[in-house]
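Just so it is clear: chains get the letters A, B, ... in the order the sequence lines come, proteins before strands, and each one is counted from 1.
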Amino acid sequence: MRVRFAPSPTGALHIGGARTALFNWLLARHFDGTMVLRIEDTDRERSTPENVQQILDSLRWLELDWDEGPIMQTDRSERHGEALQALLDADLAYRSNATADDVKAYKQRHGAERGFRGEGEQGGAVRLRVPDGATVVHDAVRGDTRFEHVHMDDPVIARADGSVLYNFAVAIDDLDAQITHVVRGEDHLSNTPKQLLVLEAAKAVGFGDGAPLPQYAHLPLLHGPDGKKLSKRHGAASVGELRDAGYLPAAVRNYLALLGWGAGDDQTVLSTPELVERFTLDSVSRNPARFDEVKLKWLNGVYIRALGVKDLVERVGEYLDANGHAGFRGDPRFARAVEISQEKIHTLADFWALSGPLLAGPVDDAKARERWLGPQGVAVLAQERAALAQAASFDEAAVAQTLEALVSSLSVKPREVYQPLRVATTGTTVSPGIFESVALLGREETLRRVDAALSRR
RNA sequence: GCCGCUAUCGUCCAGGGGACUAGGACGCCGCCCUCUCAUGGCGGAAACCCGGGUUCGAAUCCCGGUAGCGGUACCA
């Protein structure tokens with residue numbers, strides 16, 4: 001089995017492309033096949049080297065590796081030229097100056113459902129001659145779909161200057177790379193008969209070494225949460241944005257696998273080895289799916305909780321370094337801060353929101369202060385300060401014991417004691433467990449923050 | 001317009017003639033746990049697009065409609 005992922009570098013790799021890459025990769029790994037990466041950069045206006053780099057980076061971040069390539073399609077223009085000339089020589093293709101208006105006029109004369117047929121001319125773009133008959137696409141996901149040639153325009157396969165177009169290049173490249181399975185988005189289904197025709201024509205003039213035609217599988221499209229089409233042309237969620245939002249590659253792979261595919265036994269949390277083991281094309285769904293970040297977030301939380309503490313510390317550290325909070329991983333309290341945050345965060349980005357104040361100092365949340373550091377709260381806080389200052393030791397157990405003793409001696413609700421302390425030390429009402437947090441800060445820092453809060457009034 | 005694809009809870013995925021009182025997950029609601037937020041546990045609401053047909057029997061097969069989407073580019 002030889003599969004390929006063939007993105008066009010006209011924008012960032014978005015999640016639809018990532019899903020296609022993933023499915024190809026899963027298939028290649030499942031069947032011990034070969035994954036070819038090809039960059040389809042024949043769009044002269046919109047392809048950029050930056051986008052190529054971005055796509056490669058995204059694939060690497062997703063940990064989807066490839067066995068051959070990246071092959072740049074434009075590097076193959078000589079080969080494309082040969083194939084094109086061979087088709088021209090065999091009269092399987094012809095030059096034509098027909099414009100879009102000419103095509104329209106043709107349909108006016110022959111009927112809207114009639115495909116355009118041109119006359120061979122001296123110069124102009126190259127069109128493929130569409131023969132009579134029909135092409136049946138045998139799709140691994142959708143079954144057979146029949147396309148009557150009579151409805152199909154003779155497709156333009158190259159510009160007048162000889163530079164080739166997508167439907168031609170893709171067919172020649174798949175043929176030369178001996179691709180056995182073409183797995184891509186459903187938006188290509190309607191193009192498939194054209195590519196099949198190119199393939200057949202190319203084979204007829206001796207290209208492809210008699211290799212069999214590839215099998216096709218068209219994946220359902222991915223839509224945004226609003227149900228609208230999700231693509232780079234509409235500002236979709238890119239893989240880079242997922243990384244910046246603090247998602248884990250393994251969680252993204254798991255989530256993406258669930259879009260258009262299911263394990264069949266209702267299992268939703270599947271490690272990558274499990275995905276590789278269980279993924280096949282015949283369990284791919286035919287329905288378009290929506291990208292639901294809420295579910296991704298939940299899944300990411302599952303993966304974060306499953307991580308070893310050391311691993312999570314490393315990842316949070318890297319994330320902080322790359323996202324505006326560099327340096328904090330050097331803090332001796334950092335590892336413990338991550339540890340006590342683990343079950344409370346869903347993304348790497350959540351760490352800073354939850355526990356940043358522990359490391360960087362309290363934030364200023366006026367509402368929190370009003371609610372918990374009024375006259376009552378401050379009175380309790382003062383007693384807490386005294387108790388903590390005298391605690392025999394300052395580990396988590398000692399802190400807990402000290403504060404719990406205060407709760408019972410004051411006979412108030414626990415939160416009447418804990419929340420003022422939390423607001424005093426972090427500035428806000430949400431943080432990891434108060435005992436853990438205070439123990440992490442240590443006696444000196446805790447008392448300093450409490451004093452600052454007390455003197456603020 | 002023409003050609004094509006698709007149609008099950010709000011979302012994703014099962015179910016593909018009787019096992020369906022339609023299953024699981026996210027989300028939502030309630031309860032429990034609880035120092036906040038989470039996690040965890042328990043329970044609940046929530047769907048077969050519409051109309052015909054085939055059949056003893058249709059979510060499932062067929063036809064039509066509708067809707068969504070894709071293609072119809074000298075984009076990919």
Report the base-pairing partner of B:C37 (Watson-Crick or G-U wobble, both distances below 3.5 angstrom), or none. none

Please state whether the phosphate of B:G71, meaning OP1 or OP2, lies under 4.0 angstrom from any side-chain nitrogen or oxygen of A:R184. no

Quick one: is A:T42 getting a side-chain N or O under 4.0 Å of the B:A76 phosphate, OP1 or OP2? yes

Nearest to side-chain heavy atoms of A:R415, which nucleotide of B:C35, B:C12, B:A76: B:C35

Quick one: label A:S283 by what it contacts on the DNA or RNA (base, sugar-phosphate, nothing), any heavy atom closer than 4.0 Å. sugar-phosphate

Can you tell me the Watson-Crick or wobble partner of B:A19, both distances under 3.5 angstrom? none

Work out how far the P atom of B:C3 is from that of B:C20, and round it to whole angstrom. 42 Å

Indicate, with a heavy-atom threshold strictly under 4.0 Å, whether A:D153 touches base, sugar-phosphate, or nothing. sugar-phosphate

Carefully, step by step, assess A:Y106 and A:H110 under the rule ring pair (Phe, Tyr, Trp, His ring centres under 6.0 Å). CA-CA 6 Å; A:Y106 182 96; A:H110 295 89; 4.1 Å; yes

Give one of base, sugar-phosphate or nothing for A:H346, where a contact means two heavy atoms less than 4.0 Å apart. sugar-phosphate

Look at A:R286 and B:A7 and indicate whether a side-chain polar atom (N or O) is within less than 4.0 Å of OP1 or OP2. yes

I need the single residue from A:F291, A:Y247, A:Y303, A:W261 that forms a ring pair (Phe, Tyr, Trp, His ring centres under 6.0 Å) with A:Y255. Which is it? A:F291

Can you tell me if A:T428 and A:R369 form a side-chain donor-acceptor pair at under 3.5 Å? no

Using a 4.0 Å heavy-atom cut-off, does A:T145 contact any base of the nucleic acid, only the sugar-phosphate backbone, or nothing at all? sugar-phosphate

Closest to side chain of A:L258, choosing from B:A76, B:C75, B:C12: B:C12

Assign A:P432 to base, sugar-phosphate, or nothing according to its heavy-atom contacts below 4.0 angstrom with the strands shown. base

A:K104 near the nucleic acid: base, sugar-phosphate alone, or nothing, with a heavy-atom cut-off under 4.0 Å? nothing

With a 4.0 Å cut-off on heavy atoms, is A:G433 in touch with a base, just the backbone sugar-phosphate, or nothing at all? base

Keeping A:R449 on the side-chain end and A:T425 on the backbone end, is there a donor-acceptor pair under 3.5 Å? yes

Under 4.0 angstrom, heavy atoms only, what part of the nucleic acid is A:L189 near: base, sugar-phosphate, or nothing? sugar-phosphate

Who pairs with B:G27 - Watson-Crick or G-U, where each distance is under 3.5 Å: none

Using only heavy-atom distances, determine whether the side chains of A:D187 and A:H218 contain a donor-acceptor pair under 3.5 Å. no

When you get a sec, tell me which of B:A25, B:G71, B:C2 is the closest nucleotide to the side chain of A:W298? B:A25

The nucleotide from B:C35, B:G71, B:C74 with an atom nearest the side chain of A:I434 is B:C35

If you check every side-chain atom of A:N287, which of B:U8, B:C35, B:C26 has the closest atom? B:U8

With a 4.0 Å cutoff (strictly under), does any side-chain N or O of A:R305 reach OP1 or OP2 of B:G40? yes

Taking the C1' atom of each, how far is B:A59 from B:U21, in whole Å? 14 Å

Of the candidates B:C5, B:C37, B:A76, the side chain of A:R142 sits closest to B:C5

Which part of the nucleic acid, if any, lies within reach of A:R422 when heavy atoms closer than 4.0 Å are counted: base, sugar-phosphate only, or nothing? base

At 4.0 Å (heavy atoms only), tell me whether A:G260 reaches a base, stays on the sugar-phosphate, or touches nothing. sugar-phosphate

Among B:A14, B:U8, B:G71, the one nearest any side-chain atom of A:S285 is B:A14

Are A:Q73 and A:R76 linked by a side-chain donor-acceptor pair shorter than 3.5 Å? no

